[in-house]
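Input: a single structure, listed below in structure tokens.
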There are 4 protein chains.
Amino acid sequence: MGAVKPPSERVQRKRGKRIQEILTAAAELFGERGYDAVSLEHVAERLDVTKGSLYYYFSSKDELGTAAIETLGDEWTARLEHLLERTEGTPEVRLRALIHEHVTVAVNDYPAALRLFLMPREWPSAQRERIKELRLRHDALFRALIEEGLASGEFAVTSVDTVLQCMHAAMSQAPTWCGELPPAARGKAVDEVADTLMALVHIGQLGR
Amino acid sequence: MGAVKPPSERVQRKRGKRIQEILTAAAELFGERGYDAVSLEHVAERLDVTKGSLYYYFSSKDELGTAAIETLGDEWTARLEHLLERTEGTPEVRLRALIHEHVTVAVNDYPAALRLFLMPREWPSAQRERIKELRLRHDALFRALIEEGLASGEFAVTSVDTVLQCMHAAMSQAPTWCGELPPAARGKAVDEVADTLMALVHIGQLGR
Amino acid sequence: MGAVKPPSERVQRKRGKRIQEILTAAAELFGERGYDAVSLEHVAERLDVTKGSLYYYFSSKDELGTAAIETLGDEWTARLEHLLERTEGTPEVRLRALIHEHVTVAVNDYPAALRLFLMPREWPSAQRERIKELRLRHDALFRALIEEGLASGEFAVTSVDTVLQCMHAAMSQAPTWCGELPPAARGKAVDEVADTLMALVHIGQLGR
Amino acid sequence: MGAVKPPSERVQRKRGKRIQEILTAAAELFGERGYDAVSLEHVAERLDVTKGSLYYYFSSKDELGTAAIETLGDEWTARLEHLLERTEGTPEVRLRALIHEHVTVAVNDYPAALRLFLMPREWPSAQRERIKELRLRHDALFRALIEEGLASGEFAVTSVDTVLQCMHAAMSQAPTWCGELPPAARGKAVDEVADTLMALVHIGQLGR
DNA sequence: GATGAATGAGATTTCATTCAT
DNA sequence: AATGAATGAAATCTCATTCAT
């Protein structure tokens, strides 16, 4: 009788891979043009499949959108966490590395996708919550470093929350303007952003 | 038949007022949800008018969008210019006032509309150019002050362009998070933003 | 400013008329082929308009479906009520007239629409309730007459509810088979149905 | 290569059993919601199988539909025929038993499937013919008994055809309302239906 | 035998736009 | 100036059907 056997591991893996492909394409497009401006036709076209296929994996555009954001956020945070694991040094050194990595990833690998996090209102309310969570997890990395630096007297700020918000806003916006520079100039631009933003944790301090 | 009478002044004024009402409503909505997510139906509804009426004043959604941005940008810049006219003091003082005013306006008066400027890619290409111009004019105010401060040795930065971009990004994003605070707490939040962002023009300097 | 003036009476009437046209066409089609088998394209085609226009009056297929049923039920019941007003006589006479009218209307005027009432499960749950209400109102007419006859000793039944159900089922199904007869034969068929169904209220009685 | 082995008997039986399972599930669903409202996905889900598997047994939805009806009709008629074989007595007694059995089966065993026969227009035309045939065979049982009763003077009707139609309609509709009663009350309800419908063959007769 | 994946046709729905009044 | 009505193109979504494995 129709006892469903659970799909084999190989099949599972393949399905997961396909889903990742879709999510990547979707996240790119959503990041490039915004959720509403991207039609499923666009997504399907980029993947060279038909619209219908997308519905085999996601039951609505909303769901695809949420999943795309989620994957993106997860991957992003994972990369930042990984960077911190292999970076030694003072909070100063590590925070700068974190900012630098964040902007690098944004500019080079997801040239436009970060904006997904910037416009929470654009999303149906179900997604908004999820986005906020991702944002929190992401912020936590920066927050921990900043607090470490504050504890050691290395940093000085007016308000940790405000610094986080400003940093996040600037980093997220970076690809918009760095993307317009010739590739050769981007490395320098990213460095400047990192240097500039580091000033936010040295408010009113003596020069270092 | 008789020559067409040019519309009386009174009629002209009335028309202008109506147009302003429409533009305000449109700018708010576009800012809240993004250009694509807003239908003319939404705009008409907020104005308690029918869709068709909008076409009496604007010949397309694009045009309405452009006009909304333009008006918003003009008014905004005018307010900032006006502030500078009545503010005396060092570049430090005046820049801080400028930032403070910018964020205040954003948070209090156009709680949602500022984001219009953040996402140039979301707009049809015709609008994109116009937005860039507005942005330039807006940036010019800040740039002049910063350069003044640099000339006098009061400020120090890694790169003026980078500072401008970071400042702009943070200020534009501010309403998103300040808007979630209880109104009583907003004043303090805006102050903190201003203080925090001022650090961007004191990079690596001795404490002030 | 955009104070909406309520639409003029003439406009209101026109709108109402248009809506009736749509509902009639829709009810016919739904009755002919079933709710699911009818696409809005079909409805639009029969009315010689585009799909989009239907959405000007009804915000979804569901809503159109519900409204179609409702109108149909209202009109139907009104005709039966009107018949009773102008018919004098014993419950026997009046009940027979009621049955006859019901079947006549079904066969001649709404050749297929009655089935809408027969398949409540085919409808989304929101509609099911509405259909039940209509059914109750409709049944009330028959029930009152039957109870009158029972009180006077003219009728005898095993169970009023059961009689109502059987009557309703048979009357609703009638168009399905009478519709296949040549038009000339239909009058006789309807008469036979009425005579046959009258037996249901004379259960176990002496001959009359 | 070797000649294709005809499938062993055991395999054949298994296949037959599987087909029966599918047909039962399909008939239930079609009866519950109507042919069009049921997707193969629904059918597959109820069987805990994938859509594709259904195509191993049936080459199209149409074919599945036809087969479902046919099986149902066959089984149904067989049960009625079997009942008649073991029931002795006057046409009165036997007809009542037949009605009672029909409604019992409908209410208890195929709570929803009977409506399949009520709405021939809903079906693709290929099926419609087949349905009519089944209906004829089914009617034949009732018709024979009625004519026997008429011949013996036990029954009196206005028109055999009309009586058959009314009976059939009422019996088919019965599960719709009896299904809503608490199970304990159903037995009585079925009895009442049988008693009530028997009146149809005693039109204008002296009480019995 | 059965499954997961994919397709393509068609259904529902949205929306910028036009137009007669 | 403004409205109600209508349109048509495009977007979201559904589903019977096919097929490689």
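Chain letters run A, B, ... following the sequence lines, proteins first, then strands; residues in each count from 1.
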Problem set entry | Tyr57(A) side chain near dA6(E) phosphate (N/O to OP1/OP2, under 4.0 Å) | yes

For this session: Output yes when at least one side-chain N/O atom of Tyr55(C) is less than 4.0 Å from OP1 or OP2 of dT13(E), else no.
Result: yes

Exercise. Do Glu21(C) and Val49(C) come close enough that some side-chain heavy atom pair is under 4.5 Å?
Worked result: no

Seminar exercise, completed: The answer to which of Leu54(B) and Arg10(A) contacts DNA chain F further toward the 5' end, by nearest nucleotide, is Leu54(B)

Exercise. Ion pair present between Glu41(A) and Arg46(A), side-chain N to carboxylate O less than 4.0 angstrom?
Worked result: no

Problem set entry | Along DNA chain E (nearest heavy atom to each residue), the more 5'-positioned of Glu41(B) and Gly52(A) | Gly52(A)

Exercise. At under 4.0 Å, does any side-chain N or O of Tyr56(A) touch on OP1 or OP2 of dA5(E)?
Worked result: yes

Exercise. Is the backbone N or O of Gln20(A) less than 3.5 Å from a side-chain atom of Thr24(A), with the two atoms forming a donor-acceptor pair by type?
Worked result: yes

Exercise. NZ of Lys14(A) versus P of dA20(F): gap in Å, rounded?
Worked result: 13 Å

Exercise. CD1 of Ile19(D) versus C1' of dG1(E): gap in Å, rounded?
Worked result: 12 Å

Seminar exercise, completed: Closest to the 5' end of DNA chain E, once Lys51(B) and His42(C) are matched to their nearest nucleotides, is His42(C)

Exercise. Do the side-chain N or O atoms of Ser53(D) get closer than 4.0 angstrom to the phosphate oxygens (OP1, OP2) of dT3(E)?
Worked result: yes

Exercise. Think Arg18(A) has a side-chain N or O under 4.0 angstrom from the OP1 or OP2 of dG4(E)?
Worked result: no

For this session: Would you mind classifying the nucleic acid contact of Val38(B) as base, sugar-phosphate or nothing, using non-hydrogen atoms under 4.0 angstrom?
Result: sugar-phosphate

For this session: Respond yes when some side-chain nitrogen or oxygen of Arg15(A) is under 4.0 Å from OP1 or OP2 of dA5(E), and no when none is.
Result: yes

Exercise. Within this structure, what is the CD1-to-P distance between Ile22(A) and dA6(E), rounded to whole angstrom?
Worked result: 7 Å

Exercise. For the side chain of Thr50(D), counting heavy atoms from C-beta on, which of dA16(F), dA16(E), dT3(E) is nearest?
Worked result: dT3(E)

Exercise. Out of dT12(F), dT3(F), dA16(E), which nucleotide sits closest to the side chain of Lys61(A)?
Worked result: dT12(F)

For this session: To the nearest Å, give me how far apart CD (Gln12(A)) and P (dG4(E)) are.
Result: 10 Å

Exercise. Out of dT3(F), dC15(F), dT12(E), which has the shortest distance to the side chain of Ser39(D)?
Worked result: dC15(F)

Problem set entry | From dT17(F), dT17(E), dT13(E), nucleotide with atom closest to Leu40(D) side chain | dT17(F)

Problem set entry | Distance under 6.0 Å and angle within 45° of ring axis: Lys61(D) vs Tyr35(D) | yes

Problem set entry | Value in whole Å for how far the C1' atom of dT7(E) lies from CD of Glu45(A) | 16 Å

Problem set entry | Atom-to-atom span, CG of Leu47(A) to C1' of dA6(E) - whole angstrom | 13 Å

Exercise. Can you check the Asp36(C) CG to dT14(F) C1' distance for me, whole Å?
Worked result: 12 Å

For this session: Could you tell me which nucleotide pairs with dA1(F) by Watson-Crick or G-U wobble geometry, both distances under 3.5 Å, or answer none if nothing does?
Result: none

Problem set entry | Whole-Å gap separating P (dA11(E)) and CZ (Phe58(C)) | 20 Å

